[in-house]
*Asks:* 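Below you will find the structure I want to go over with you.
Small disclaimer: the values here were computed from a predicted structure and weren't measured.
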Amino acid sequence: MTGRQLNTGSHDLPIPAALDEFMRGGWAAAGETAPAPLPVAAYAAKRRARLAERLPGERLVVPSGTLLARSNDDDHRFRAHSAFAYLTGAQEPDEVLVVEPSGEARLFLRPRPSRAGSQEFYRDRRYGDFWVGRRPGLAEAEAAYQIECAPIDDLPSALRGPARVLRGVDASVDALVSPADGDAELAAVLAELRLVKDEWEIAELQQAVDATVRGFEDVVRALPAAVAHPRGERYVEGVFGLRSRLEGNAVGYQSIVASGAHACVLHWIRNDGRLDPAEMLLLDAGVEGDNLYTADVTRTLPLSGRFGPVQRQVYDLVYEAQTAAIAELRPGARFRDFHETAMRVISDGLVEWGLLTRAQAGAGLHRRYTLCSSGHMLGLDVHDCARARAESYLDGVLEEGQVLTIEPGLYLQPDDLTLPPELRGIGVRIEDDLVITSDGARLMSAALPRRADEIEDWMSALAG
């Protein structure tokens with residue numbers, strides 16, 4: 001990790017010695033300040049302690065991740081790996097957290113060099129102050145994150161001997177330590193620690209949900225202009241994206257803006273279609289807050305402002321399934337209970353419509369029209385804690401402080417000949433975010449209406 005080269009462009013002009021000397025001098029003293037500790041710092045320290053308790057006597061290595069080129073020398077906007085952000089609160093690239101066998105932790109980072117001793121500040125396109133902005137120095141990072149900090153060039157010597165590494169995040173870190181059987185367990189433990197949210201995390205998630213509600217309101221107000229645009233889906237995507245950048249870090253995942261039959265594509269992110277007032281719009285979007293916690297909300301909206309009879313028929317069945325699923329949420333309930341309840345409602349509805357026989361429903365053939373599960377954990381990742389072991393998550397039970405989504409849907413494909421023509425090409429999903437409480441669950445996204453008539457009244461009020 002030593003001997004780093006400057007990241008300069010292929011078309012950069014040579015730097016004469018006189019210019020280099022001129023650039024390095026004449027700057028005001030840049031003494032490091034001592035910022036107040038970040039609010040997350042105390043929580044991150046407790047999380048590191050819990051990690052050390054789960055894997056005692058082990059050296060544990062968690063990188064933040066690296067910059068990723070989008071095209072040539074243009075990088076994607078950096079987002080720290082969720083496990084690293086959870087344990088530190090830091091969000092810079094190329095940093096590494098090391099928890100020692102003693103339980104003590106250090107954060108290895110790229111210190112800011114002096115301007116007199118390096119060309120980086122004005123020549124390096126990836127890290128230079130003049131190119132990407134000032135990053136914290138060692139003392140500033142220690143004060144903000146409340147953790148001992150060390151130069152990243154010291155990392156190789158700190159990793160002599162066995163260690164468990166969160167692999168696949170930073171190839172240069174992977175190369176420093178031989179793979180071990182325990183690496184997979186570290187990844188699982190890091191996910192399992194995040195299953196139950198602390199009060200700081202729940203507050204962050206609520207802020208993200210509240211901003212997402214405002215984003216949905218923005219979209220409804222903008223629908224007349226979006227309907228008039230040849231790429232109305234893109235218009236909606238842009239409107240919601242503006243809210244996400246004004247109030248947070250970004251969107252928490254690629255927004256799904258699916259009009260008409262596009263709603264039958266579960267992860268439609270091309271978002272290049274027109275909006276037809278005779279159809280519905282499925283909007284699945286969430287604001288990611290500045291501390292990287294994301295909301296995940298879906299509403300299916302009639303673009304005319306009123307559901308047609310068949311649209312309401314499909315919407316109401318999904319609404320009934322979601323309502324029944326929400327009623328299952330409480331500590332001690334199996335994680336799978338809410339999905340099974342939602343699917344019973346959907347399956348019964350399909351039988352009533354004549355699409356399935358009772359025997360077909362009993363055989364699970366409703367899945368042709370539902371396709372996926374009805375919810376997942378939510379947090380730093382939109383599909384949070386995905387590397388947790390099944391016994392702790394999918395086959396586990398709900399606990400107070402867990403945050404999850406409930407999102408049943410019906411996806412009636414436009415070319416599905418098992419459906420009557422009037423049902424083909426209709427997709428409906430309703431998704432809300434909930435936190436498990438001591439005796440049930442709190443609907444974090446309750447500010448957005450769910451019932452069909454409430455949706456119509458809400459859209460009418462915003463249009464006025």
*Asks:* Would you say the side-chain atoms of D296 and Y253 include a donor-acceptor pair closer than 3.5 Å?
*Replies:* yes

*Asks:* Could R299 and F216 be counted as a cation-pi pair, given that NZ or CZ must be under 6.0 Å from the ring centre and within 45° of the axis?
*Replies:* no

*Asks:* Does the side chain of T357 reach to within under 4.5 Å of the side chain of V351, using non-hydrogen atoms?
*Replies:* no

*Asks:* Please assess I256 against L283 for the test side chain to side chain contact (heavy atoms under 4.5 Å, CB included), listing each intermediate value before the final yes or no.
*Replies:* CA-CA 6 Å; I256 298 168; L283 174 60; over 6 Å; no

*Asks:* Identify, with sequence neighbours excluded, every residue that meets salt bridge (Lys or Arg N to Asp or Glu O under 4.0 Å) alongside R54.
*Replies:* E192

*Asks:* Can we say D439 and R330 salt-bridge, meaning some charged N sits less than 4.0 Å from an Asp/Glu carboxylate O?
*Replies:* no

*Asks:* So, T298 and E431: side-chain donor and acceptor under 3.5 Å apart, yes or no?
*Replies:* yes

*Asks:* Got a second to check how far H262's NE2 is from L281's CG, nearest 0.5 Å?
*Replies:* 11.5 Å

*Asks:* Tell me every residue that passes side-chain contact (heavy atoms from CB on, under 4.5 Å) with V310, counting only those two or more places apart in sequence or in another chain.
*Replies:* E422, L423, I426

*Asks:* D433: what forms a side chain to side chain donor-acceptor pair (under 3.5 Å) with it, not counting sequence neighbours?
*Replies:* none

*Asks:* Strictly by salt bridge (Lys or Arg N to Asp or Glu O under 4.0 Å), give each pair with a member in residues 398-409 just once, sequence neighbours left out.
*Replies:*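 Residue pairs passing salt bridge (Lys or Arg N to Asp or Glu O under 4.0 Å), neighbours aside: E407-R429.
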
*Asks:* Could you give me the CA-CA distance, side-chain angles and deciding distance for D290 and N249, then say whether side chain to side chain donor-acceptor pair (under 3.5 Å) is met?
*Replies:* CA-CA 5 Å; D290 290 333; N249 179 57; over 6 Å; no

*Asks:* Within a reach of under 6.0 Å around CZ of R334, are more than 12 heavy atoms found that belong to other residues, nucleotides or ligands?
*Replies:*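 It does: R334 CZ has more than 12 such atoms within range.
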
*Asks:* Against the six-membered ring of Y319, is R451 placed for a cation-pi contact (under 6.0 Å from the centre, within 45° of the normal)?
*Replies:*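 Verdict for Y319: no cation-pi partner in R451.
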
*Asks:* What pairs of residues pass the ring pair (Phe, Tyr, Trp, His ring centres under 6.0 Å) test when at least one of them lies in residues 419-459, not counting sequence neighbours?
*Replies:*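 Matches after skipping sequence neighbours: none remain.
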
*Asks:* Please report the interatomic distance OG1(T370) to CG(L365), rounded to the nearest 0.5 Å.
*Replies:*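 So the gap between those two atoms works out to 10.5 Å.
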
*Asks:* Using the ring pair (Phe, Tyr, Trp, His ring centres under 6.0 Å) rule, collect all pairs that involve residues 288-312, keeping only residues at least two apart or in two chains.
*Replies:* W200-Y293, F307-Y315

*Asks:* Between R194 and D384, is the salt bridge (Lys or Arg N to Asp or Glu O under 4.0 Å) condition met? List the steps.
*Replies:* CA-CA 8 Å; R194 288 162 43 205; D384 209 30; 2.4 Å; yes

*Asks:* Start with the C-alpha distance between Q402 and F335, add both sets of side-chain angles, then the distance that settles side chain to side chain contact (heavy atoms under 4.5 Å, CB included), and finish with yes or no.
*Replies:* CA-CA 11 Å; Q402 291 181 335; F335 175 81; 5.9 Å; no

*Asks:* Output yes when R243 and E217 qualify as a salt bridge under the 4.0 Å nitrogen-oxygen rule, no when they do not.
*Replies:*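 So R243 does not pair with E217 through a salt bridge.
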
*Asks:* With a 4.0 Å cut-off, would you call D198 and K46 a salt bridge?
*Replies:*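 Not counted as a salt bridge, because no side-chain N and carboxylate O are separated by less than 4.0 Å.
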
*Asks:* Would a 4.5 Å heavy-atom cut-off, applied to side chains only, mark T300 and Q311 as touching?
*Replies:* no

*Asks:* Hydrogens and angles aside, do D170 and T66 bring a side-chain donor and acceptor to less than 3.5 Å of each other?
*Replies:*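 No, T66 and D170 have no side-chain donor paired with an acceptor closer than 3.5 Å.
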
*Asks:* Begin with the C-alpha distance, continue with both residues' side-chain angles, and end with the deciding distance and a verdict on salt bridge (Lys or Arg N to Asp or Glu O under 4.0 Å) for R274 and E279.
*Replies:* CA-CA 10 Å; R274 298 191 75 104; E279 297 178 331; over 6 Å; no

*Asks:* Would E92 and R110 count as a salt bridge (Lys or Arg N to Asp or Glu O under 4.0 Å) if you check the C-alpha gap in whole Å, the side-chain angles of each, and the deciding distance to 0.1 Å?
*Replies:* CA-CA 9 Å; E92 294 290 331; R110 177 189 289 265; over 6 Å; no

*Asks:* Using a cut-off of 6.0 Å, state whether more than 12 heavy atoms not belonging to R367 lie near its atom CZ.
*Replies:*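 Atom CZ in R367 is not packed in, count stays at 12 or less.
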
*Asks:* Would you please test I326 and F338 for side chain to side chain contact (heavy atoms under 4.5 Å, CB included) and show each step?
*Replies:* CA-CA 7 Å; I326 289 172; F338 70 83; over 6 Å; no

*Asks:* What residues form a salt bridge (Lys or Arg N to Asp or Glu O under 4.0 Å) with R358, not counting sequence neighbours?
*Replies:*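 Checked R358 against salt bridge (Lys or Arg N to Asp or Glu O under 4.0 Å); matches are D348.
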
*Asks:* Give the intermediate values and the outcome of side chain to side chain contact (heavy atoms under 4.5 Å, CB included) for residues W353 and Q313.
*Replies:* CA-CA 10 Å; W353 294 356; Q313 174 188 345; 3.0 Å; yes

*Asks:* For the residue pair E237 and E233, establish whether any side-chain heavy-atom pair is separated by less than 4.5 Å.
*Replies:* no

*Asks:* Holding to side-chain contact (heavy atoms from CB on, under 4.5 Å), I want the full list of residues that pass it with L266, two or more places apart in sequence or in another chain.
*Replies:*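 Residues passing side-chain contact (heavy atoms from CB on, under 4.5 Å) with L266: L371, C372, Y411.
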
*Asks:* How far apart are the C-alpha atoms of T323 and R450, what are their side-chain angles, what is the distance that settles it, and do they pass the side chain to side chain donor-acceptor pair (under 3.5 Å) test?
*Replies:* CA-CA 9 Å; T323 300; R450 294 192 303 122; 3.3 Å; yes

*Asks:* Under a 4.0 Å threshold between the charged nitrogen and the carboxylate oxygen, would R79 count as salt-bridged to E288?
*Replies:* yes

*Asks:* May I have all residue pairs that pass salt bridge (Lys or Arg N to Asp or Glu O under 4.0 Å) and include part of residues 221-232, sequence neighbours excluded?
*Replies:*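 Qualifying pairs: D218-R221.
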
*Asks:* Apply side chain to side chain donor-acceptor pair (under 3.5 Å) to the pair T341 and R344, showing each step before the final yes or no.
*Replies:* CA-CA 5 Å; T341 295; R344 280 195 296 271; 3.0 Å; yes

*Asks:* Give the minimum heavy-atom separation between A263 and G427, together with the two atoms involved.
*Replies:*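 For A263 versus G427, the nearest heavy atoms are CB-O, 3.6 Å.
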
*Asks:* Would D183 and R164 pass as an ion pair if we require N to O under 4.0 Å?
*Replies:* no

*Asks:* Does this structure show an ion pair linking D395 with R336, if we count only N-O contacts that are shorter than 4.0 Å?
*Replies:* yes

*Asks:* Scan residues 372-391 for pairs that pass ring pair (Phe, Tyr, Trp, His ring centres under 6.0 Å), counting only residues two or more places apart or in two chains.
*Replies:*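 Every pair satisfying ring pair (Phe, Tyr, Trp, His ring centres under 6.0 Å) with a residue in residues 372-391: H376-H383.
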
*Asks:* Could you tell me which non-hydrogen atom of A208 sits nearest to which non-hydrogen atom of V287, and how far apart they are?
*Replies:* CB-O, 3.4 Å

*Asks:* With sequence neighbours left out, write down each residue that passes ring-ring contact (aromatic ring centres under 6.0 Å, His included) with F130, or none if nothing qualifies.
*Replies:*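 Checked F130 against ring-ring contact (aromatic ring centres under 6.0 Å, His included); matches are W27, F121.
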
*Asks:* By ring-ring contact (aromatic ring centres under 6.0 Å, His included), which residues pair with Y369, not counting sequence neighbours?
*Replies:* none

*Asks:* Go through the steps to decide whether R112 and E140 satisfy the test salt bridge (Lys or Arg N to Asp or Glu O under 4.0 Å), and finish with yes or no.
*Replies:* CA-CA 10 Å; R112 193 175 62 254; E140 291 171 322; 3.3 Å; yes

*Asks:* Are Q206 and R442 close enough, and set up right, to give a side chain to side chain donor-acceptor pair (under 3.5 Å), and what steps lead you there?
*Replies:* CA-CA 11 Å; Q206 187 63 65; R442 176 171 64 84; 2.8 Å; yes

